[in-house]
Protein chains: 2
Amino acid sequence: MSKVNIKVLAEELQLSVSTISKALRDSYEISDETKKKVMELATRLNYIPNPYASSLRKKKSKTIAVVLPEVADNFFSLAINGIQSIAETKGYHVLIYLSHEKYANEKTILEDCQSGRVDGVLISISSETKSGDQIHKLQANNIPVVFFDREEESIETARVTTNDYECGLIAANHLLNRGCRRPAFLSISESLPICLNRIEGFKAALQETGIPDADRQIIYCTDNDSMYKQIKTILQSDNRPDGLIASVEKIVTPVYLACHELNINIPNDVKVIAFATLDTAPILDPPLTTITQPAFEIGKAAATLLFKGIEKSTFDLSKEHMVIPSVLIERESTRAAN
Amino acid sequence: MSKVNIKVLAEELQLSVSTISKALRDSYEISDETKKKVMELATRLNYIPNPYASSLRKKKSKTIAVVLPEVADNFFSLAINGIQSIAETKGYHVLIYLSHEKYANEKTILEDCQSGRVDGVLISISSETKSGDQIHKLQANNIPVVFFDREEESIETARVTTNDYECGLIAANHLLNRGCRRPAFLSISESLPICLNRIEGFKAALQETGIPDADRQIIYCTDNDSMYKQIKTILQSDNRPDGLIASVEKIVTPVYLACHELNINIPNDVKVIAFATLDTAPILDPPLTTITQPAFEIGKAAATLLFKGIEKSTFDLSKEHMVIPSVLIERESTRAAN
DNA sequence: CATATTCTCGCAACCGTTTTCGTAAATAAA
DNA sequence: TTTATTTACGAAAACGGTTGCGAGAATATG
């Protein structure tokens, strides 16, 4: 067991611990000769500094927290990749926490983040979250917070999102242009800005085209377990939608399965477009038209902002609202009838 | 900013820091009355203990590291979920590290894990890894290590895998039973036991059925970027395989795309089966036959073992080889011609 | 040669908690 | 009442680094 710490090195070289510490940190106070000796011994004995001792003294943990609703979702997986890629270059460590879409969990997690364990927090809030109290507390403790994708609107801090309103509009117009007259929007939350904004865009498009109110359905698929049933019910209803916009990736599979089960043809009977970063989109039956979010880039950008906030306390995160646009990738699932 | 620590509480209540510390930890040495006062003040001032100070003193970090090749993969995402679900109940924190399938990265990560930052390590090794040196060092430092899915065979420690050999056999037999005579196995590594074992099963099945050597292709798709091209080349070759076994999830999309592009019909021209936990498998074109790995359960089991190893130093991990079987889910992509 | 500077290094406090040990007061036993 | 015992707490030393400051030696400056 390597109990080798600074004290051991000091002993061995007949130097003081402070000298060792400074030598290892390449301080100008130490002669090159001594530095060399210290470094050499350190590598020879496989000295590895204890990060917690250092954190305690320096009040910096070189660690960030990433709080997200779930990880079994391509969007979040890719975002983590983006975050990690930046953290790596900065020498930061990444703690992952999952809220499982529950506000109570999120609260507990964020409380812990006040402990000094992390220098900053990247968060995509749960679909239940309606209050920014916990995040305010973090900010009061000088812990920078950056939202990515799912933000809490009342909080003043940096956020990296995609052009949700516009994409809602684009998605709706896409359906309308392909002949839909009764499009429905499948949301997962009544409070998440990403959903609200996309819905606003959706509504605006229908408004403009003059689709009657009765034919503008917005459906809330809040519960994961009942989603499939709920979608089947919708597809069997009298005024069955002729177009569906899936607000998030996890709605896609139940929609497709329901259509297959009910012998409803995509795109002839109902056209489907989804907000998703699914890499199987092109090989689905039929290939799925997506609004593809730049998940990796969002993660990278959010992390970059967070580190700016961490490293320069003068940097004002509150005005940083970055929008990275998504792109519509048209495939078979929304092909117009011919 | 809450600079409230034990010292502040002590000051406020005119007690010593040791008394506060003991009261908070509900020590028998402290009177109920004092405990109550301390607790009350602690919650009132929103006292949150500094984990690093505690870690330093107790030499326990209540943190584990999860080292994996990548996170944009359903298998690993689900595994993380499983790990996290156990860590949560145990009050542990989870650091995520990505090797990006590079041994050099993995090495750096594992070196850092010797610092005392973590109490244990869960790892699924990179496809490049051929040496167990780094992991030996961890063990020498009394840091328990548990493998999940991708193991390094020379290391004596707990591992949670699935029945790879058997599944290789099952997958191959499945193809053979559906009429394939020139099945190919698409691997991603020449050293990973998961691949080697699956290949062994594959070979055994072909052997038994008497498929000639020349018709037992094992193809190594090591490079992510060239995978699509490589697969196309294979599908255009003279002795084109009539069945494909994708050893991991990420091979699926390129295979399907290549077949579509080349107008090769699945399952009539080539049958496809994949080791995957893809939840879009049933809605692919055609629905994909999978060997579905119990990713979530593997994560849970591995974490459970790791915590046993962490919490009781007497617990001998070295003999814990847990195998959680995968299941074959048959779908259209391997339907027999009729 | 005297004084000022620069170069190296050690001392000791500190970060926030935990834990051992000692001890005064309160209670029980004799 | 005296002697054990228990109860409730405090002092201080850890844990492993970091850092401000002081000081001796070496060098430069006048």
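Remember, it's a predicted structure, so these values are computed and weren't measured experimentally. Note on naming: letters A, B, ... go to the chains in the order of the sequence lines (proteins, then strands), and numbering restarts at 1 for each one.
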Starting from [atom2] on [N], measure out to [atom1] on [X] and report it in whole angstrom.
X	N	atom1	atom2	value
B:Leu13	D:dG10	CG	P	10 Å
A:Lys60	C:dC14	NZ	P	21 Å
A:Asp26	D:dT19	CG	P	14 Å
A:Lys37	C:dT8	NZ	C1'	12 Å
B:Leu56	D:dT18	CG	P	12 Å
A:Glu33	C:dC7	CD	C1'	13 Å
A:Lys59	D:dG17	NZ	C1'	15 Å
A:Ile30	C:dT6	CD1	C1'	14 Å

Show the nearest heavy-atom pair for residues A:Val8 and A:Val4, with the distance to one decimal.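 Taking A:Val8 first and A:Val4 second, the nearest heavy atoms are CG2-CA, 4.2 Å.
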Looking only at non-hydrogen atoms, find the nearest pair between B:Val71 and B:Ser77 and report the distance.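 Closest pair (atom of B:Val71, atom of B:Ser77, distance): O-OG, 3.1 Å.
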Show me the donor-acceptor pairs, under 3.5 Å and distance only, between side chains in residues 295-312 of chain B and residues at least two apart or in other chains.
from: B:Thr304; atom 1: OG1; to: B:Lys300; atom 2: O; distance (Å): 2.7
from: B:Glu311; atom 1: OE1; to: B:Lys90; atom 2: NZ; distance (Å): 3.3

Tell me what B:Leu15 touches on the nucleic acid: a base, only sugar-phosphate, or nothing, going by heavy atoms under 4.0 Å.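 The residue B:Leu15 makes sugar-phosphate contact but no base contact.
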Mind checking B:Ser55 for me? I need base, sugar-phosphate or nothing, with any heavy atom below 4.0 Å counting as a touch.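 If one applies the 4.0 Å heavy-atom cut-off, B:Ser55 turns out to touch nothing in the nucleic acid.
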Protein heavy-atom contacts under 4.0 Å, written 5' to 3' over nucleotides 17-23 of chain C as B (base), S (sugar-phosphate only) or - (none), form the string BBBBB--
With the side chain counted from C-beta on, respond yes when A:Glu70 and B:Gln84 share a heavy-atom pair under 4.5 Å apart, and no when they do not.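 No. Closest side-chain heavy atoms not under 4.5 Å.
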Taking the side chain as C-beta and beyond, is there a heavy-atom pair between A:Met322 and A:Arg159 under 4.5 Å?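 The answer is no, as the side chains (C-beta and beyond) never meet within the 4.5 Å cut-off.
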All pairs passing ring pair (Phe, Tyr, Trp, His ring centres under 6.0 Å) where residues 5-62 of chain B contributes a residue, at least two apart: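 Only A:Tyr52-B:Tyr52 qualify under ring pair (Phe, Tyr, Trp, His ring centres under 6.0 Å).
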